[in-house]
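These notes concern the structure reproduced below.
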Amino acid sequence: MNLIFLGPPGAGKGTIAVKVKEAFGIPHISTGDLFRQHIREESELGMQVKQILARGDLVPDEVTIEMVRQRLQDGDTENGYILDGFPRTIGQAETLEGFSKISGVLNFELSRESIIRRLSGRRVAKESGRVYHLDFNPPRVPGRCDETGEPLIQRPDDQPEAITKRLEVYDEQTAPLIDFYKGRELLISVDAEPAPDRVFTDVENILKDI
Ligand code: AP5
């Protein structure tokens, strides 16, 4: 089961991907998480993409595609995977077709108002990247990760200016993928407005038919 989770920033793709990973035993491959890991490790790639992520722009296709191509060669993808945040351009989607066969594309749909509320209130654990929300999923101790106690921070690209930029980039470069995958009869809509458990139940039901 090779899945793509498509949708605007903050739609809850990562939150649901973590649950699907646990329930179905397939890896969650988030290009955003991979880039952030490189940034934390101060690798060459991390230094190259740090400012791009902070601004809310897209990393060039050739860099992103090569990172995903390599990741999909790991043994843990044998029974499937969830691609979260990839592809994000038509060029990425066309190239992906050359090296992997996709079973379904789940398109997470959410109003702009909800997107902005989710992104503005998101807090993440500094090292592990575990995701919280000030209103919808607050930590037990304010400002601290429940699992590790490490500090919670706001992602640089969750600042208002970067949010505006990410939404523009989504409209221009990623939203066209909806028609691209409709044309291939792979697109399945997910109502991302309800609480995470409800969204997950809907996704579980969808995945039974894939
Ligand atoms: P990436 O990390 O992929 O960012 P994104 O797509 O903007 O997605 P987010 O992580 O913001 O949101 P999400 O949908 O996963 O929501 P989440 O579950 O966290 O990419 C970051 C950057 O990397 C890009 O801007 C780009 O620079 C670069 N990049 C990545 N991929 C690339 C590519 N393919 N090509 C080029 N560049 C690339 O939820 C959000 C918040 O809402 C959380 O606080 C959560 O607790 C809360 N929440 C979630 N679900 C619910 C719910 N149902 N109800 C209430 N609250 C909820």
Side-chain angles (χ1 to χ4, degrees), residues 4-21 28-40 46 49-59 64 82-89 106-178 189-203:
I4 291 172
F5 281 12
L6 184 66
K13 305 180 294 296
T15 299
I16 300 303
V18 168
K19 293 175 185 287
V20 171
K21 172 190 168 175
H28 166 210
I29 302 173
S30 155
T31 39
D33 285 351
L34 291 174
F35 287 132
R36 282 185 289 275
Q37 190 182 338
H38 277 282
I39 292 170
R40 272 197 301 276
V49 303
K50 188 173 180 179
Q51 294 310 322
I52 299 177
L53 263 79
R55 280 199 307 272
D57 275 325
L58 291 187
V59 174
T64 311
I82 309 153
L83 279 178
D84 164 12
F86 183 93
R88 247 176 162 97
T89 64
L106 274 61
N107 183 37
F108 288 69
E109 297 177 347
L110 193 68
S111 69
R112 275 295 141 107
E113 199 188 343
S114 299
I115 289 171
I116 289 167
R117 193 152 176 224
R118 285 190 190 176
L119 291 176
S120 321
R122 174 165 57 189
R123 296 294 181 272
V124 296
K126 198 159 183 270
E127 290 301 320
S128 67
R130 197 168 284 107
V131 176
Y132 295 86
H133 192 282
L134 293 179
D135 302 318
F136 305 130
N137 180 25
R140 283 194 293 272
V141 177
R144 294 278 162 189
C145 175
D146 291 349
E147 303 289 323
T148 60
E150 65 189 301
L152 301 184
I153 57 162
Q154 190 169 28
R155 273 173 42 179
D157 60 347
D158 282 344
Q159 299 292 339
E161 209 175 302
I163 291 177
T164 304
K165 179 70 186 171
R166 287 161 70 200
L167 290 172
E168 278 170 21
V169 168
Y170 169 78
D171 288 340
E172 283 166 20
Q173 303 201 51
T174 307
L177 290 176
I178 295 172
S189 295
V190 174
D191 178 6
E193 294 282 353
D197 285 349
R198 170 66 201 286
V199 177
F200 176 62
T201 303
D202 291 348
V203 167

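Any value given below was found using the heavy atoms of this structure, including those in side chains, with hydrogens, waters and symmetry copies removed.
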Lys/Arg N to Asp/Glu carboxylate O, [X] vs [Y], below 4.0 Å:
| X | Y | answer |
| --- | --- | --- |
| Asp197 | Lys19 | yes |
| Arg122 | Asp157 | no |
| Arg123 | Asp158 | no |

How many angstroms lie between atom [atom1] of [X] and atom [atom2] of [Y], to the nearest 0.5 angstrom?
| X | Y | atom1 | atom2 | answer |
| --- | --- | --- | --- | --- |
| Leu53 | Arg166 | CG | CZ | 8.5 Å |
| Asp135 | Arg117 | CG | CZ | 5.0 Å |
| Ile178 | Leu6 | CD1 | CG | 6.0 Å |
| Gln159 | Ser120 | CD | OG | 9.5 Å |
| Leu119 | Ile163 | CG | CD1 | 4.5 Å |

Would you name the heavy atoms of [X] and [Y] that are closest together and state the gap between them?
| X | Y | result |
| --- | --- | --- |
| Ala125 | Ser128 | CB-OG, 3.3 Å |
| Tyr170 | Pro176 | O-CD, 4.5 Å |
| Ala162 | Ala54 | CB-O, 3.5 Å |

request  = Carefully, step by step, assess Leu152 and Lys126 under the rule side-chain contact (heavy atoms from CB on, under 4.5 Å).
outcome  = CA-CA 6 Å; Leu152 301 184; Lys126 198 159 183 270; over 6 Å; no
task = Quick one: do Ile82 and Leu106 satisfy side-chain contact (heavy atoms from CB on, under 4.5 Å)? Show the steps, please.
result = CA-CA 10 Å; Ile82 309 153; Leu106 274 61; over 6 Å; no
task = Dump the intermediate steps for side-chain contact (heavy atoms from CB on, under 4.5 Å) on Asp84 and Thr31, then the final yes or no.
result = CA-CA 7 Å; Asp84 164 12; Thr31 39; over 6 Å; no
How about [X] and [Y]: do any of their side-chain heavy atoms sit closer than 4.5 Å?
| X | Y | result |
| --- | --- | --- |
| Ser189 | Glu109 | yes |
| Arg130 | Val124 | no |
| Phe86 | Ile4 | no |
| Thr15 | Phe200 | no |
| Tyr132 | Cys145 | yes |
| Val199 | Phe108 | yes |
| Leu34 | Ile29 | yes |
| Val49 | His38 | no |

Member of Arg118, Glu113, Arg112 meeting the side-chain contact (heavy atoms from CB on, under 4.5 Å) criterion with Ile115 =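 Among the candidates, only Arg112 passes.
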Test log, rule side-chain contact (heavy atoms from CB on, under 4.5 Å), inputs Phe5 and Ile16 = CA-CA 9 Å; Phe5 281 12; Ile16 300 303; 4.2 Å; yes
Would you say [atom1] of [X] has more than 12 non-hydrogen atoms from neighbouring residues, nucleotides or ligands within 6.0 angstrom?
| X | atom1 | value |
| --- | --- | --- |
| Arg198 | CZ | no |
| Arg155 | CZ | yes |
| Glu193 | CD | yes |
| Lys50 | NZ | no |

So, the side chain of [X] versus the backbone of [Y]: is there a donor-acceptor pair under 3.5 Å, distance only?
| X | Y | result |
| --- | --- | --- |
| Arg88 | Leu58 | no |
| Ser114 | Leu110 | no |
| Lys13 | Pro8 | yes |
| Asp146 | Arg140 | yes |

ask   = Between Thr89 and Gln173, does any side-chain donor sit less than 3.5 Å from a side-chain acceptor?
value =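 Distance-only check fails for Thr89 and Gln173.
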message = Show, in sequence, the C-alpha distance, side-chain angles and deciding distance for Thr148 and Glu150, and conclude whether the side-chain hydrogen bond (donor to acceptor under 3.5 Å, both in side chains) test is met.
response = CA-CA 5 Å; Thr148 60; Glu150 65 189 301; 2.8 Å; yes
